[in-house]
Amino acid sequence: MDVKIAGRALELIEGDITEMDTDAIVNAANAQLVLGGGVAGAIRRQGGPRIQQECDRIGGTFVGGAVITTGGTLRARHVIHAVGPRLGEGNEDEKLRNATWNSLRLADEHGLTSVAFPAISTGIFGFPIQRCAEIMLATAVAYLRGDTGLGRVVFCLFGTESYEVFAKELTRTTAS
Ligand code: AR6
């Protein structure tokens, strides 16, 4: 699924984010920037040890924050590590909005024109996929309506179920 927001592409793709050819892919990170399982594990396997080494040098960031490293041996030249909330820790919606917004801003600050996101927090961190779709899509749409050099934002969803939730929500968001 592909829509235009202020002339810029917002796309939904079902697949493995480590195969994306965008300038950056976003990692669903933790505040310690230790690459664990899920998206982070796939990035570690496909991108090689340099990504974790750079994360170690950075040391960590706050929940809702984002930092950037090389993409190692990935097709994407950069990885943006965005820290989403764990379900139950409080203020989750705002933290997820911040993690999404800060990733987009970081991409802009580095002159990147395309970025791919996973459904942050909806795996190991236990956040519901519907709420994630509402927050991340609304944030991306608002960002793309503003002043940005980004021409393409992709949500790369793992499995048909997640894809369908995002597709329905994007239709609803862009219809209103
Ligand atoms: N490509 C796209 N989406 C994926 C992929 C993939 N290769 N693999 C999983 N997903 P998660 P979180 C989906 O657990 O909940 C790690 O240990 C998955 O189905 O990666 O934010 C980190 O180091 C789910 O919908 O991230 C952190 O400690 C979504 O991506 C912690 O997990 C996010 O799942 C972060 O947990």
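Whatever order the structure lists them in is the order used to number ligands and atoms, beginning at 1.
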- Task: Return the orientation label for the Phe117 and Phe155 ring planes: parallel under 30°, perpendicular over 60°, tilted otherwise.
- Result: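 Phe117 and Phe155: parallel rings.
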- Item | ligand 1 atoms in contact with Ala28 (distance to a heavy atom under 4.0 Å) |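 That gives atoms 21 (O), 22 (C), 26 (O), 27 (C), 35 (C) of ligand 1.
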- Query: What are the atoms of ligand 1, with element, lying closer than 4.0 Å to any heavy atom of Gly38?
  - Reply: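 So the answer, numbered in order with elements, is 8 (N), 20 (O).
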- Message: Are Leu144 and Leu106 linked, directly or through intermediate hydrophobic residues, by side-chain heavy-atom contacts shorter than 4.5 Å (ILVMFWY only)?
- Response: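 In one cluster: yes.
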- Message: Please say yes or no: joined through hydrophobic side-chain contacts below 4.5 Å, possibly via intermediate residues, are Ile5 and Leu104 part of one cluster?
- Response: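 Per the 4.5 Å side-chain linkage, Ile5 and Leu104 are co-clustered.
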- CD/Gln53 to CD1/Ile58 distance, rounded to the nearest 0.5 angstrom?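 Reported value, rounded in 0.5 Å steps: 12.0 Å.
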Between the main-chain N or O of [Y] and the side-chain N or O of [X], is there a donor-acceptor pair closer than 3.5 Å?
X: Thr173; Y: Val141; answer: no
X: Asn30; Y: Leu33; answer: yes
X: Asn102; Y: Gly64; answer: yes

- Query: With a cutoff of under 4.5 Å between side-chain heavy atoms, which Ile, Leu, Val, Met, Phe, Trp and Tyr residues group with Val79?
  - Reply: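 Val79 clusters with Ile13, Ile17, Met20, Ile25, Leu35, Val39, Ile43, Ile51, Leu74, Val154.
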Around [atom], find the nearest protein heavy atom and jot down its residue, atom name and distance.
atom: atom 32 (O) of ligand 1; value: Ile124 CD1, 3.3 Å
atom: atom 33 (C) of ligand 1; value: Ala119 O, 3.3 Å
atom: atom 28 (O) of ligand 1; value: Asn30 ND2, 2.9 Å
atom: atom 1 (N) of ligand 1; value: Ile17 N, 2.9 Å
atom: atom 13 (C) of ligand 1; value: Phe158 CB, 3.7 Å
atom: atom 23 (O) of ligand 1; value: Gly36 N, 2.9 Å
atom: atom 17 (O) of ligand 1; value: Gly37 N, 2.8 Å
atom: atom 25 (O) of ligand 1; value: Thr122 OG1, 2.7 Å

Output yes when the distance from some N or O of ligand 1 to some N or O of [X] is under 3.5 Å, and no in every other case.
X: Phe125; value: yes
X: Pro118; value: no
X: Val39; value: yes
X: Ala40; value: no
X: Leu157; value: no
X: Ser162; value: no

- Stepwise, does the side chain to side chain donor-acceptor pair (under 3.5 Å) test hold for Thr69 with His81? CA-CA 8 Å; Thr69 67; His81 304 265; 3.0 Å; yes
N-O pairing of [X] and [Y] below 4.0 Å:
X: Glu169; Y: Arg172; answer: yes
X: Glu19; Y: Arg75; answer: no
X: Asp21; Y: Arg152; answer: yes

Is the closest heavy-atom distance from [X] to ligand 1 below 4.0 Å?
X: Asp16; result: yes
X: Val34; result: yes
X: Gly15; result: yes
X: Ser121; result: yes

